[in-house]
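Notes to accompany the following structure.
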Amino acid sequence: MQQPQQAQQQQQQQQNHASQVNPVWLAQSRLRRRKFDECIEVCTGILEKNPYDQAVWYLKTRALTLKNWLDDLEIEEEGVADVLLDEHQVAQVPRPGTSLSRPLTSASGSGAPSQAVRPMTNSGRPLTGFARPGTGSQRPTTSANGRVGTASLQQALKGAKPGTARPVTTSGRFVRLGTASLASEPGGPFINVERLDLRKYAARPLLARALCDYLIYTEHNMKKALELCALATQVAEYQDWWWKARLGKCYYQLGLLRDAERQFKSSLGQGQGAAAAAAAGVIYLRMDQPNTALEHYTSALGAHPGDSSLLLGVARVYDALGDAEKAVAFYKNVLFHDASNVEAIACLAAHHFYTDQPEIALRYYRRLLQMGVTNSELWNNLGLCCFYASQYDMCLGCFDRALALADDNALPDIWYNIGQVAVGIGDLALAYQAFKIAISINPNHAEALNNLGVLEYRKGNDDSAASLFRSGQREGSHVFEVFFNGALLAFKAGDFQVSFDLVNKALEAYPEHTESHELLKQLKAHFTML
């Protein structure tokens, strides 16, 4: 009982010491130690007694900004309106490797494993080792003509995860974020933005910068922030790169990409490198100009060699374009400068796994475990690596851990992988149960529907297999196997026209599939005989 009493006495002594310290100095100390809530509490008490204390106003503004700050370049996912009403498209049919919607294929010498080995996401991009917003959802194309950039409403409404939907607009998410952050403040918002005289603040650079970040990151009021940035840029006689970078950020959030591009270019011309170059690269990726983004990243790396954010940007672009060799080289370069970068380790592990090197992938995933990363996806990947590396004693233990940590979004994929392992060891009953569980959790899981259809076909249940293949084709236009299996089943049943339509869809999803080409050749031979 003595230890709790001693702890209470020490806490009371600390509170007594804190009450004797200058409150402004105490607020500065707590802000520096990133104790934002305590800093805000102290500043609120001071401002109640003296609302015109500018130093305390500045401290509270910075504390609120840092508390709500997030890396807005990393949460990018286009909304429905951004997809359907895109005005920045350059080419209707871009060449492979020049657009994110037309990545390089293995036939182009990209060094990436074929689509038969490395699966595709529902957006048509190769599966990456690190899930980021925007990697699981892409600008969809119409099934009628397949022209890039002509988005169908049904596909545009789908989110990256099953059962989710895209936001209507990207800016709409920021408005909701701002509303939530302000609702948590007792007494309402700290600053009444509508009553501010922005010209007065623009003449005071330090206060203006704090207010600008508050408007962007706490209130998400981009229009007021844009007005303040424009006034402050005029006061600085257009010579301050910081205000130009903030102008570019405001234009970008408002969807004015060309204006944002001009501001970031001007900021880069005045000496600002890494942050503005990363933001400019995101703008070019949003306009589907990956090669221009690579030029900006490369030029910024000349001035800032070893900057991990720029190196990661280059690696991500090459990964999205399907150029695996260059992507792997840049991911390794990232680890040379930052040995604990989770994204680089995960992407290298995924590359080695899909290039038939599960032992090396296992080492990378073990490194993530040693760094303290523990989630269901990591244990799932460890289980697959152990299975394909013939370490069967550890395989099922890893899947047990993955199931214990998984939520409803991850459970279908884990059960699907358990089914794959069961097929590999020849236990088709376990595989059937695992695929059934995956479909019960997520009825839209196209891969599980396809594999379950194959098992039903092996049992002789052709009607059930055809029904499962049709369900898989409806849910997963990116899965070429479900179209090929449906085409093969229809061919054996004598329904050549259905088989012809399905095999063409399989070749749209994977143009290099040899079996689909052979089946198409046989179908054409049958049609010529008729």
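- Remark: Gln370 CD is packed, more than 12 non-hydrogen atoms of other residues, nucleotides or ligands lying under 6.0 Å away.
- Listed here is the closest heavy atom pair of Ala63 and Leu31: CA-CD1, 3.8 Å.
- Looking only at side-chain heavy atoms (C-beta outward), Phe399 and Asn380 come within less than 4.5 Å of each other.
- Counting heavy atoms from C-beta on, the side chains of Glu508 and Phe483 never come closer than 4.5 Å.
- The heavy-atom pair separating Tyr297 from Ala277 by the smallest distance is CE2-O, 3.9 Å.
- Side-chain atoms of Trp379 and Leu369, non-hydrogen and from C-beta on, do get closer than 4.5 Å to each other.
- Salt bridge present: Arg316 and Glu343 bring a charged side-chain N and a carboxylate O closer than 4.0 Å.
- Atom CZ of Arg62 and atom CG of Leu206 lie 11.0 Å apart (nearest 0.5 Å).
- Taking all atoms of both residues into account, the shortest heavy-atom contact from Cys250 to Ile216 is SG-CD1, 4.0 Å.
- Closest heavy-atom contact between Ala344 and Val334: CB-CG1, 3.9 Å.
- In this structure, Ser267 contributes its side chain and Gln263 its backbone to no donor-acceptor pair below 3.5 Å.
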Could you go through residues 35-43 and list every donor-acceptor pair under 3.5 Å that involves a side-chain atom there, pairing it with any protein atom two or more places apart or in another chain?
unit_1	atom_1	unit_2	atom_2	d
Asp37	OD1	Lys67	NZ	2.9
Glu38	OE1	Arg30	NE	3.4

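- Cys385 approaches Ala361 most closely through the heavy-atom pair SG-CB, 3.8 Å.
- Under the 6.0 Å cut-off for aromatic ring centres, Tyr388 and Phe353 qualify, their centroids lying closer than that.
- The closest side-chain donor-acceptor pair between Arg33 and Ser29 falls under 3.5 angstrom.
- Considering all non-hydrogen atoms of both residues, Gly306 and Leu301 come closest at N-CD2, 4.5 Å.
- Thr233 places a side-chain N or O within donor-acceptor distance of the main-chain N or O of Cys229, the cut-off being under 3.5 Å.
- Proximity of Lys244 to Phe264: side-chain heavy atoms (C-beta onward) are nowhere separated by under 4.5 Å.
- His351 and Asp319 share no donor-acceptor pair across their side chains, judged by distance under 3.5 Å alone.
- Contact check for Leu207 versus Arg209: no side-chain heavy atoms found under the 4.5 Å cut-off.
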Next item on the list: Under the side-chain contact (heavy atoms from CB on, under 4.5 Å) rule, what do Leu226 and Leu254 come out as? Steps first, then yes or no, please.
Entry: CA-CA 10 Å; Leu226 179 64; Leu254 292 172; 3.8 Å; yes
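- The existence of a salt bridge linking Asp213 and Lys249 is excluded, since no basic side-chain nitrogen approaches an acidic carboxylate oxygen closer than 4.0 Å.
- Within a 6.0 Å sphere centred on CZ of Arg34, heavy atoms belonging to other residues, nucleotides or ligands number 12 at most.
- Side-chain polar atoms of Glu261 and Tyr284 form a donor-acceptor pair below 3.5 angstrom.
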Notebook entry, point to check: side-chain contact (heavy atoms from CB on, under 4.5 Å) between Arg258 and Met287: does it pass, once the steps are laid out?
Noted result: CA-CA 9 Å; Arg258 291 297 180 185; Met287 293 191 290; 3.7 Å; yes
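- Residues Leu59 and Val24 have side chains in contact (heavy-atom distance under 4.5 Å, counting atoms from C-beta outward).
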Next item on the list: Any chance you could lay out the side-chain hydrogen bond (donor to acceptor under 3.5 Å, both in side chains) test for Asn68 and His220, step after step, and finish with the verdict?
Entry: CA-CA 10 Å; Asn68 296 296; His220 300 282; over 6 Å; no
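- Shown here is Lys505, whose NZ atom has no more than 12 heavy atoms of other residues, nucleotides or ligands within 6.0 Å.
- By the 6.0 Å contact criterion, CG on Asp408 is open, its count of non-hydrogen atoms from other residues, nucleotides or ligands being 12 or less.
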Margin query: Walk me through whether Trp57 and Leu211 qualify under side-chain contact (heavy atoms from CB on, under 4.5 Å).
Written below: CA-CA 10 Å; Trp57 182 91; Leu211 179 60; 4.2 Å; yes
